[in-house]
> 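Pasting a structure below so you can have a look.
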Amino acid sequence: MTEFDYIIVGAGSAGCVLANRLSEDPELKILLIEAGGKDWSPYIKVPAAIIKAIGNPKLDWGFSVEPDKSRDGRADYWPAGKVIGGSSSINGMLYVRGSPADYDGWAALGNEGWSYREVEPFFRKAETCTFPVGQERGTLGLLKISKLRSEHVLAKPFREAAILSGMPGNSDYNVGDQTGMGEPQLTQHNGARFSVADAYLRPARSRPNLKILTNCTVHRVLFSGNCAIGVECQTGAGSQRILSRHEVILSAGAIGSPKLMMLSGVGPANHLAQHGIDLVHANQHVGSHLKEHPNAQISFAVTQRTFNMEINSWHIARHMARWLAKRDGPASSPYPHAVGFFKSDPGLNRPDIQMLFGPFGFDLTEDGVAPSKEAVATIIMGLSYSHSEGEVRLASPDPEDAPRISLEMLSDARDVTALTAATRFARVIAAREPFSGYVVQERMPGNIVQSDEEWEDYFRKTVDPTYHPVGTCRMANSGDGVVDSQLRVHGIEKLRIVDASIFPTHVSANTNGPVVMVAEKAAEMIRK
């Protein structure tokens, strides 16, 4: 059997950071294992090709979620990166740190070392902002953060209308108070996606002390008593056992890490018994406390051509040629061209809504969601702190089977109330000059939706996940968590979890940036 100092399971955002930072020590022998393949697809590099990456079985795990009784029984599709770089290779590229109050809240729950003052240096360490910033932002890190290469003509009028409607302008929502409207910050470099694999793994690949296995599925963690000693995995060459001298680190994400924990005998005792899995350590919180960001949207027919038309016509060839030559134009565009944060209730202590404006529109067709052929702009309101919780459980003891994911996303009336206030405010912005001068009419839901009851019915039919799952192996030093503040698994030696599953509460952010921070901080903890 082969032996390494550290085995990292999952080459997503967290795993790539850990592989780089731990292999900086030439005395350590590091193994990084990825169940997916290599990140060579052009669908990864071209930002607008995200519509070809998501749903592609070569790049996306494509998890199915149980029918949601709170949303008319709809069963969601949850994408997750099945490739080196993980979801940073197929996500929307928006970089958001989150509210400082998010991390102060983590510390207030008893997680020592996780206040914003204590995590902020790790955000800075990761970042290279390619636009002018103050001393609060990073300029020497490995992860490049950029602005839009080509801004749509409707973006500035929308931002101006939002400010005239009461949102302050905010030139950098990643510093201090998030409140306000500003320009998006993106994990891009020269108009191309810049995944965490680009940032962290590529510079480390040539190190002789780092080995990377792709298309290798870890079936379980191996234990001697309550001590993790390695992993059992499946490659094209068959099953093999690999041992670790120091630690096994799970970085398989908020869905993959709890699944692997349960397959390995760590989780809810009754659930594991039902699947005939020998219990190593009982912990009912493994796979529980699943949190997600619900999002609602309204869309408008507009007078200007929008980018959905460009990628849904013969123009796409011209835009690809432009991207190859200049790395700009519609092919370089992510979804949002304006990003704002505001409170759905003035009594809140921080913004609870993330607003995204995109020069895009989509239609429901017999084949699924497709770019509209009409000129459409959309405003998305994401709820940062949903009160609803779900869980991840095993569907069977077979490691090759997808887990069972359940979440009643609108089961708490407070979430519906917050989304109602948010969408009503979005309507106010759309009716304000200068943006209103470009609006032909509200396309979805339309003026037929006015009352609280009508909004609620609309949400239950249309609210979607934002694909930001967290919390399924949450951090808590007391008995209501899975890992401690050093991210070590309770009741188990030499096993650590480093990914979005450890978030004790959700954050007001797209999760990729916070995951990179968590991994940077974890690497320092481990090396100490």
Side-chain angles (χ1 to χ4, degrees), residues 41-56 59-60 79 88-95 130-131 144-160 182-195 198 297-340 355-365 367-380 430 434-435 437-440 443-444 510:
S41 171
Y43 297 153
I44 292 174
K45 296 303 176 188
V46 182
I50 185 174
I51 61 173
K52 296 291 187 180
I54 291 178
N56 185 328
L59 307 175
D60 178 6
S88 77
S89 292
I90 67 168
N91 69 2
M93 295 162 284
L94 189 61
Y95 181 81
T130 60
F131 47 90
K144 296 186 187 297
I145 315 296
S146 304
K147 294 290 187 74
L148 287 166
R149 298 278 284 187
S150 296
E151 183 178 272
H152 192 272
V153 67
L154 294 178
K156 184 177 179 182
F158 180 82
R159 292 196 299 267
E160 290 175 351
E183 299 176 35
Q185 298 180 23
L186 311 166
T187 50
Q188 288 190 1
H189 181 54
N190 291 333
R193 177 190 296 277
F194 196 72
S195 72
D198 293 323
Q297 58 181 275
I298 57 176
S299 64
F300 301 86
V302 293
T303 59
Q304 303 293 312
R305 283 184 67 88
T306 48
F307 284 173
N308 52 280
M309 302 171 73
E310 305 303 317
I311 60 177
N312 200 17
S313 70
W314 63 268
H315 292 284
I316 192 169
R318 176 167 59 88
H319 295 311
M320 274 305 304
R322 176 177 173 176
W323 184 83
L324 289 168
K326 299 182 177 180
R327 295 297 177 94
D328 64 5
S332 71
S333 178
Y335 173 81
H337 282 228
V339 178
M355 175 180 283
L356 306 178
F357 168 79
F360 291 93
F362 297 89
D363 295 325
L364 288 173
T365 70
D367 298 322
V369 177
S372 175
K373 296 180 180 180
E374 309 298 327
V376 181
T378 304
I379 308 171
I380 291 176
F435 182 71
Y438 298 94
V439 173
V440 177
R443 187 172 181 262
M444 188 177 74
N510 304 67

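Index from 1, following the sequence.
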> For Tyr43, which residues count as a ring-ring contact (aromatic ring centres under 6.0 Å, His included) partner, sequence neighbours excluded?
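ring-ring contact (aromatic ring centres under 6.0 Å, His included) list for Tyr43, sorted by chain: empty.
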> Name all pairs fulfilling the side chain to side chain donor-acceptor pair (under 3.5 Å) condition that reach into residues 316-330, sequence neighbours left out, sorted by first residue then second.
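Of all non-adjacent pairs touching residues 316-330, those that pass side chain to side chain donor-acceptor pair (under 3.5 Å) are Glu310-His319, His315-Arg318, Arg322-Asp328.
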> For Lys144, which residues count as a salt bridge (Lys or Arg N to Asp or Glu O under 4.0 Å) partner, sequence neighbours excluded?
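Expected list: none.
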> Just jot down the side chain to side chain donor-acceptor pair (under 3.5 Å) partners of Ser150, sequence neighbours excluded, or say none.
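Applying side chain to side chain donor-acceptor pair (under 3.5 Å) to Ser150 gives none.
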> Evaluate the side-chain proximity of Pro330 to Ile316: yes if any heavy-atom separation is below 4.5 Å, no if none is.
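Answer no - side chains too far apart.
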> Ser41: which residues meet the side chain to side chain donor-acceptor pair (under 3.5 Å) condition with it, sequence neighbours left out?
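Testing Ser41 for side chain to side chain donor-acceptor pair (under 3.5 Å), a comparison that skips the adjacent residues, returns none.
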> Please enumerate all residues that pass salt bridge (Lys or Arg N to Asp or Glu O under 4.0 Å) together with Glu183, with sequence neighbours excluded.
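Salt bridge (Lys or Arg N to Asp or Glu O under 4.0 Å) check on Glu183 returns Lys147.
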> Gln185: what forms a side chain to side chain donor-acceptor pair (under 3.5 Å) with it, not counting sequence neighbours?
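So Gln185 forms a side chain to side chain donor-acceptor pair (under 3.5 Å) with Arg137, Asp172, Asn174.
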> Check ring-ring contact (aromatic ring centres under 6.0 Å, His included) between Phe300 and all other residues, then give those that pass, not counting sequence neighbours.
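For Phe300 there are no ring-ring contact (aromatic ring centres under 6.0 Å, His included) partners, ignoring immediate neighbours.
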> Quick one: are Val376 and Arg443 in side-chain contact, heavy atoms under 4.5 Å?
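When only atoms from C-beta onward are counted, Arg443 and Val376 do touch, with a gap below 4.5 Å.
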> Scan residues 47-56 for pairs that pass salt bridge (charged side-chain N to carboxylate O under 4.0 Å, His left out), counting only residues two or more places apart or in two chains.
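Passing the test, one end in residues 47-56: no pairs.
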> Is it true that a side-chain atom of Thr130 and a backbone atom of Ile145 form a donor plus acceptor pair closer than 3.5 Å?
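Here the side-chain-to-backbone pair exists.
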> What residues form a ring-ring contact (aromatic ring centres under 6.0 Å, His included) with Tyr95, not counting sequence neighbours?
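Checked Tyr95 against ring-ring contact (aromatic ring centres under 6.0 Å, His included); zero matches.
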> So, Ser146 side chain and Gln188 main chain: donor-acceptor pair closer than 3.5 Å or not?
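Such a contact is found between Ser146 side chain and Gln188 backbone.
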> Specify whether Tyr438 and Phe435 have parallel, tilted or perpendicular ring planes, treating 30° as the upper limit for parallel and 60° as the lower limit for perpendicular.
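Tyr438 vs Phe435 ring planes: tilted.
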> What is the minimum heavy-atom distance between Ala377 and Phe357, and which atoms define it?
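Here Ala377 and Phe357 meet closest at CB-CE1, 3.7 Å.
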> Under the salt bridge (Lys or Arg N to Asp or Glu O under 4.0 Å) rule, collect the residues that match up with Arg193, sequence neighbours excluded.
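In terms of salt bridge (Lys or Arg N to Asp or Glu O under 4.0 Å), with neighbours along the sequence ignored, Arg193 is linked to no residue.
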> Just jot down the side chain to side chain donor-acceptor pair (under 3.5 Å) partners of Asp60, sequence neighbours excluded, or say none.
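In terms of side chain to side chain donor-acceptor pair (under 3.5 Å), with neighbours along the sequence ignored, Asp60 is linked to Tyr77.
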